[in-house]
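Structure first, commentary second.
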Amino acid sequence: LIHFYKRMYDPLTKLVGQIVSDAFGETAAQVATDIASFSVKTFSQILSSTQLSIKEVRAALGVLVQNRMVTFDDKRKPGTVDYYIQMDIIISYLRFPKFLYLVKTTYGDEAEIMVEEIIKSGSESATNVLFKTSKRLNETLDDVSQAPSISDLHKKFNSLISSHLIERCEELGQTKAENTALLCPNMVENKDLMHMAVEVDVKAISAAVASKSESVEQGQDKAVLWRLSIDKCDLLLRNKMIVDAAARRLDEQAGKVVSSLLKILERWADAAVSSQFNHNTISEQVASDHGKDSLAHIYLDQYLRVLADDKTRFVDRVGDSGGGQYHVDLKYITTCLVESTLDCVVLEKFSSKAVRVFRYIREKRFVEESQLQQVVMIPAKETKMLTYQLLENHFIHLQELRKSVAPTAPSKAFYLFYVDLPQVVRTCMSVCYKSMYNCRNRAKFEAVENARLLDKHERIESIAASLRASGGTEEQLEEVAEMMTPPEKEAVKKIHLKLDKLSKAQAQADETLFVFKLYLNVKCKS
């Protein structure tokens, strides 16, 4: 019971419930929060604890399973289906705007709309995705610019498959003949067919779009459903973060070299440290990505030397044969990113002196208090206060070492400060969950509290926009603008400023959380 209440009020559980509520409503959120409180539950347990009807729980579970927020199997007890909550996939919903922006900049507007349609549906057939994409493009584009054909859209869809950005959903596996009604559906993931494209009826889709019908007749691909690959999206975000770090540290051309190195690294996707590759491989990759005339390719040797000498070690030179042998140590790079992030957290939470103490303990592994006071050049009293604050907030830890085994000999023991980085990261992750929940909660409260004023402002803006489009006079526009008093305009400005700040704070907390998760994942692999 204590465990249940702990999990119910856990920041992550509350955030998960909030995200599901915003996306699919209160009923789905109630079911998701209930499963999250124990990580796994059966259908009867969900019914009992949520007090919802069978119909409501079935509908909620159907939506959650469709969007991969909940998975199920009967491995624990054949015949009894267990439902598992997928916290990481639910949290990744907050990053979908970033994913869409990355897809738009990398693959184009049509690809962005396709991915958006797949996100909306959870999983969808290729025919439906192409139909909805073409329909949306025809609605948004004017008569002058022509929407791309279904064949072109199909090629773009296949390019998303070949780049592993979208993948096939699991298919229904074979079950034994006896008592199949009692068995849980067996979902099988076929790795060989995961990224194999399917044929679609281009003529039927084109005819449905031309006739402006609401739906399209399902073709031969109706049994194959496609979904967004969250792992690939996380990989793209990770690469962008490392490239941006290199560009900030050196320059834009260095960022281009690092982006090519990360593309080479994709051959060893699950490795914390890549295998060795030679200078020629890097040169070919940079030339194909950015052109032979680019500064990144012309001054490649110099950039590789600078990147290897940098303290973040974006690339390591490990040999001289073949123009130089290199590898990328992803574990070290992510550790540097995490350490930099934690330094910023300590700086904002405490002070620059606390950062000095924290950084010194982290670099020296184990530090005695007397040694610390001598090195960091801070008065003894202040050093004690800072170490106590860091200790209290779980940024540093204390290790006791006894010189004697006697239980009553305090003078014969000495204490060492140390930083347990994975533990500090987990503590900060909990703070990130809490801050994201609070930001979203506050934004919702502000929007509800000032709903009347915001609706009025939106209504006036839409009237002014329609007047401008229809060629309204300046007097008419002034008249519309005067419908809001100066105090109301000031209030709306303040509300929008507050909502923007909350949105930026949530985005920053999510980015920090992403760095922490990346570090823990790499740590587990190594």
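Formation of a donor-acceptor pair under 3.5 Å by the Lys156 side chain with backbone atoms of Tyr107 is found in this model. No donor-acceptor distance shorter than 3.5 angstrom exists from the side chain of Ser134 to the backbone of Leu130, with no hydrogens or angles considered.
Annotation: side chain to side chain donor-acceptor pair (under 3.5 Å) contacts of Arg365 (sequence neighbours excluded): none.
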Side-chain polar contacts of residues 114-128 - donor-acceptor pairs under 3.5 angstrom, sequence neighbours left out - could you list them?
residue	atom	partner	partner atom	Å
Glu116	OE1	Arg136	NH2	3.4
Glu117	OE2	Arg136	NH1	2.9
Ser121	OG	Glu117	O	3.1
Ser121	OG	Glu124	OE2	3.2
Ser123	OG	Gln66	NE2	3.4
Glu124	OE1	Asn128	ND2	2.9
Glu124	OE2	Lys132	NZ	2.9
Ser125	OG	Asn128	N	3.4
Ser125	OG	Gln218	OE1	3.2
Thr127	OG1	Asp221	OD1	2.6
Thr127	OG1	Asp221	OD2	3.2
Asn128	OD1	Gln218	NE2	2.8

Sequence neighbours left out, cut at 3.5 Å: what donor-acceptor pairs do the side chains of residues 429-448 make with other protein atoms?
residue	atom	partner	partner atom	Å
Ser435	OG	Val431	O	3.3
Ser435	OG	Cys432	O	2.9
Asn438	ND2	Lys434	O	3.3
Arg440	NE	Gln18	OE1	3.0
Arg440	NH2	Asp22	OD2	2.4
Arg442	NE	Glu446	OE2	3.2
Arg442	NH2	Glu446	OE2	2.8
Lys444	NZ	Asp22	OD1	3.1
Glu446	OE1	Asn450	ND2	3.4

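Ring geometry for Phe24 against Tyr93 counts as perpendicular: the plane angle is over 60°, on a 0 to 90° scale with 30° as the lower cut. Aromatic ring pairs are classed by plane angle as parallel below 30°, tilted from 30° to 60° and perpendicular above 60°; the pair Tyr83 and Phe43 is tilted. The aromatic rings of His154 and Phe157 sit parallel to each other, their planes meeting at less than 30°, with 60° as the upper class boundary.
The structure places CD1 of Ile161 at 4.5 Å from CD1 of Ile166, a figure rounded to the nearest 0.5 Å.
Side chains of Lys98 and Glu511 form a contact here, defined as non-hydrogen atoms less than 4.5 Å apart. The shortest distance between side-chain heavy atoms of Leu153 and Val129 does not fall below 4.5 Å.
Ion pairing of Asp244 with Lys240 is present here, as a side-chain N (NZ or NE/NH1/NH2) and a carboxylate O approach within less than 4.0 Å. A salt bridge does not link Asp455 to Arg452: none of the charged nitrogens lies less than 4.0 Å from a carboxylate oxygen. For the pair Asp82 and Lys41, the salt-bridge criterion is not met [side-chain N within less than 4.0 Å of a carboxylate O].
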